[in-house]
Amino acid sequence: MSEFERVMTQDSILDRYRLYGSPDSANFVVRMVLEELGEAYDYVPVDRLTSQQKSAGYRQLNPQGLIPVLEAPGQKTPLFETAAIILFLCDRHRALAPDHDAPDRGCFLKWLFFISNTLHSDLRIFFKPKRYLPGEEQQGPFGETLMRRISTSFEHLDHELNATGGPFLLGQHMSCLDIYLAACARWAQIYGSSGRWSLNNTPHLTRLLEILEKRPAIRKACELEQIEGSPFLKPVPPALPGVTS
Ligand SMILES: N[C@@H](CCC(=O)N[C@@H](CS)C(=O)NCC(=O)O)C(=O)O
């Protein structure tokens, strides 16, 4: 019995976080945040090759059948949506996000929603165009349009990194925004873009990625996700079935 099946069939008491994911999927963002926070968690691998995320049991955790899900002690229901999960964690542990009454709270929230609603969302559509456009003939131009939108989003973020003086989106203070952005920059370089997006036009983002790559918690998260080498500056997909399916 796999870990996934075991967890699905037992009714255990949750005494620490439980993260459901698949290598290099959006759970990577949550994992990096958990590692940076130093919080204990169990990891439940979800096999994307056999579409375990679409099973009835998993849909009870997330009706969309999407990864990641986080179960959190003290919460009535499982959490889904990457941005909601990391915001919840950072607020709960009072780290990697400004306090509610801090002067950069508004700035933090606007970029968090931008990364989630615009950048990550466009990337998702870019990776799976068939879900949105059934006809083959329109997929080329559609992909070009999306790639332009994605490039522009990275340029907005690069501009913000410059405007704040960096090296982080909130200036001197690292937050979960930087982590979420780094994962998006990784995926944009390797999944489906065939080199169409690179770090060439985003020097401030490149500097941020250099810093993040060296952090022990990020390195540990990469190792656990089976991500080898330079995860953000010279990314390669993990050599695993089901990662991009
Ligand atoms: N908006 C969601 C998107 C999550 C998402 O796209 N998950 C992907 C993995 S990165 C997934 O579960 N794909 C499997 C599928 O679409 O069936 C979030 O931020 O959590």
Side-chain angles (χ1 to χ4, degrees), residues 4 7-8 17-34 41 43-72 75 77-91 96-97 109-134 143 146 149-150 153 157 175-193 197 221-222 224-227 231-232 235-238 240-245:
F4 178 81
V7 170
M8 287 293 153
Y17 293 116
R18 186 184 282 156
L19 174 63
Y20 294 76
S22 154
D24 206 14
S25 300
N27 46 276
F28 178 40
V29 179
V30 181
R31 187 172 326 245
M32 287 191 280
V33 169
L34 281 165
Y41 61 96
Y43 179 75
V44 183
V46 180
D47 185 358
R48 286 180 64 178
L49 198 58
T50 57
S51 294
Q52 275 179 332
Q53 76 276 13
K54 303 296 183 207
S55 64
Y58 188 84
R59 281 187 193 274
Q60 288 193 3
L61 303 170
N62 181 354
Q64 303 175 95
L66 292 178
I67 295 163
V69 160
L70 183 82
E71 291 187 281
Q75 288 300 296
T77 59
L79 283 84
F80 52 80
E81 288 301 314
T82 307
I85 296 172
I86 61 176
L87 179 59
F88 170 84
L89 286 169
C90 295
D91 280 354
L96 296 177
L109 288 175
K110 79 181 177 192
W111 287 115
L112 180 62
F113 279 71
F114 175 77
I115 294 171
S116 169
N117 288 356
T118 301
L119 177 58
H120 188 188
S121 190
D122 280 349
L123 281 169
R124 272 176 50 74
I125 301 169
F126 181 74
F127 296 150
K128 311 263 176 163
K130 287 191 202 128
R131 289 186 181 172
Y132 301 86
L133 271 186
L146 278 168
R149 281 176 56 90
I150 290 164
S153 291
L157 288 152
S175 72
C176 62
L177 294 176
D178 305 298
I179 292 173
Y180 199 179
L181 170 57
C184 289
R186 169 181 167 78
W187 299 325
Q189 289 174 85
I190 50 181
Y191 295 123
S193 90
W197 186 77
C222 289
L224 293 166
E225 291 283 326
Q226 304 175 54
I227 291 171
F232 307 128
V236 284
L240 292 166
V243 169
T244 55
S245 63

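Both counts, for ligands and for their atoms, begin at 1 and track the order of listing. Below, each value reflects all heavy atoms present in this structure, side chains not excepted, and no hydrogens, waters or symmetry copies.
- The parts of E81 lying near ligand 1 are both backbone and side chain, judged by heavy-atom distances below 4.0 Å.
- Using a 3.5 Å distance cut-off with no hydrogens or angles, the side chains of Y191 and D24 do pair a donor with an acceptor.
- Distances below 4.0 Å separate heavy atoms of P68 from the following atoms of ligand 1: 20 (O).
- Distance alone, capped at 3.5 Å, places no donor-acceptor pair between the Y180 side chain and the V29 backbone.
- By the criterion of a heavy-atom distance under 4.0 Å, the side chain of R131, and not its backbone, is placed next to ligand 1.
- Side-chain N or O atoms of R186 include one that pairs as donor or acceptor with a backbone N or O of V236 at under 3.5 Å.
- Within the listing of ligand 1, atoms 10 (S) sit less than 4.0 angstrom from a heavy atom of A26.
- A side-chain contact (heavy atoms from CB on, under 4.5 Å) with L19 is found for one member of N27, I85, V69, V44 and no other, namely N27.
- Contact between R48 and ligand 1 is present, with at least one heavy atom of the residue lying under 4.0 Å from the ligand.
- The CD1 atom of I115 sits 11.5 Å away from atom OG1 of T82, with the distance rounded to the nearest 0.5 Å.
- In this structure, of L66, N27, I67, the residue bringing a heavy atom nearest to atom 7 (N) of ligand 1 is I67.
- Residue-ligand proximity: S51 is placed with every non-hydrogen atom at 4.0 Å or more from ligand 1.
- Listed by number with element, the atoms of ligand 1 under 4.0 angstrom from any heavy atom of H120 are 19 (O).
- Any N or O atom pair closer than 3.5 Å counts here, and K128 shares no such pair with ligand 1.
- Close N/O approach between S25 and ligand 1 is not found [any backbone or side-chain N/O within under 3.5 Å].
- Judged by distance alone, the side chain of Q53 and the main-chain N or O of Y58 form no donor-acceptor pair under 3.5 Å.
- Using modelled atom types, no side-chain atom of Q60 and backbone atom of A56 make a donor-acceptor pair closer than 3.5 Å.
- Using modelled atom types, one side-chain atom of S55 and one backbone atom of Q52 make a donor-acceptor pair closer than 3.5 Å.
- In K54, the part holding a heavy atom less than 4.0 Å from any atom of ligand 1 is the side chain.
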